[in-house]
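Notes follow once the structure below has been shown.
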Amino acid sequence: MDQPYPTQPCLAGNLIFGSAPKIPGTSSSTLCPNGDVTFGNRRDGRVYNLHQYTQGDGYRLDTELGPVPSVVGNFSRTHTTRTLVAAAPSCPGTGGDKRCCSQDDATSQIGCMTEADQCSFGFAGGEVAAQVLTTTAGTELAFSVSLNNIKYDPACVVSVRYPLARLAYLNALIGFENVTGQELAFTKCVAGGATGYASLLAANNLFALPTGPVCVDFPNEGCSTNDTPGNACTGNAAVGLPE
């Protein structure tokens, strides 16, 4: 990576002030996250845990937004070392590092952060329900909400009646009948050919379709002169996949 993340947790010690980021295209400093004016155009962004630094102690830059502004609104690390649980219990963390929410994948991190702040909610996959936040006061769990009087349960999810339900797709641009080797073996596993695949879904709070996996053909959109109209599902039977 051109801007590697810091790997050493900052949990104790002295904090130093750094230059406050500038509003893009100006010489004015941005405000603090709570709206306060910066102190002499300097502040320590780690107090808010929203500023994202590189291993070289500089700001990570958001190169997707044009004038490469500094990343000063990184909410993915909220509650790394603190929670809003009543009585403010501490977290033993993994290996005693005292960190609360430091999961590597987005879904688990979203689940942990909603557990660390009981007045918040997050949008993530069903496997988030398996995330458990352990504190010195006990454990915190996330739960799925009902929407428009529709419960979050397998029947409502697989029928896509639950408003936030979404299907998982496995795609093959070359057509599944042309997939070989490990890719074909993986596709057959996802298609239900491997024993225990349904139990793997259940272990991650995901739900299988009652009919099992199905093939969906999307019409060609005419984006290329090489597009050839046809049903991409018709060749699946030759390699043992659903049509």
Side-chain angles (χ1 to χ4, degrees), residues 1 3-18 20-21 30-39 42-55 57-60 62 70-147 151-153 157 162-166 202-206:
M1 294 178 63
Q3 300 178 51
Y5 294 99
T7 56
Q8 184 67 29
C10 181
L11 300 175
N14 297 323
L15 302 180
I16 61 175
F17 280 101
T30 57
L31 298 176
C32 296
N34 64 352
D36 287 346
V37 177
T38 57
F39 179 73
R42 301 178 69 81
R43 64 179 173 190
D44 184 354
R46 288 174 296 180
V47 173
Y48 306 96
N49 207 27
L50 300 181
H51 292 209
Q52 198 168 21
Y53 294 96
T54 68
Q55 290 179 342
D57 295 329
Y59 276 102
R60 282 187 61 87
D62 191 342
S70 302
V71 178
V72 296
N74 176 28
F75 289 88
S76 66
R77 296 185 302 170
T78 303
H79 300 307
T80 301
T81 61
R82 300 288 188 274
T83 74
L84 291 177
V85 178
S90 60
C91 301
T94 303
D97 62 9
K98 299 183 179 180
R99 289 190 283 181
C100 300
C101 296
S102 57
Q103 283 68 24
D104 293 329
D105 66 281
T107 297
S108 297
Q109 184 74 339
I110 291 171
C112 182
M113 289 192 291
T114 57
E115 293 159 356
D117 182 353
Q118 297 170 325
C119 292
S120 66
F121 61 91
F123 176 61
E127 63 268 35
V128 73
Q131 177 64 41
V132 178
L133 171 63
T134 301
T135 72
T136 53
T139 58
E140 301 292 333
L141 302 175
F143 65 91
S144 302
V145 299
S146 297
L147 295 172
K151 293 178 59 178
Y152 176 86
D153 64 19
V157 172
Y162 185 71
L164 296 181
R166 62 184 189 268
N204 289 280
N205 293 286
L206 302 175

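Positions are given from 1 along the sequence.
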At what distance, to the nearest 0.5 angstrom, does [atom1] of [X] lie from [atom2] of [Y]?
X	Y	atom1	atom2	result
M113	S108	CE	OG	11.0 Å
I110	F121	CD1	CZ	11.5 Å
K98	R82	NZ	CZ	9.5 Å
S102	D97	OG	CG	6.0 Å

Minimum heavy-atom distance [X]-[Y], with the two atoms named:
X	Y	value
L147	Y162	CD1-OH, 3.9 Å
V132	E115	C-OE1, 3.7 Å
Y59	V71	CD2-O, 3.9 Å
T114	G122	CG2-N, 3.4 Å
T107	E127	CG2-CG, 3.6 Å
C101	Q109	O-NE2, 3.2 Å

Check this for me: F143, atom CZ, are more than 12 non-hydrogen atoms of other residues, nucleotides or ligands nearer than 6.0 Å?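 Check fails, neighbour count at 12 or below.
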
Given 3.5 Å as the limit, does a donor-acceptor pair link the side chain of T136 with the main chain of P89, or not?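 No; zero donor-acceptor contacts below 3.5 Å.
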
Is there a disulfide between C100 and C112 in this structure (defined here as SG atoms under 2.5 Å apart)?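 Unbridged: C100 and C112.
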
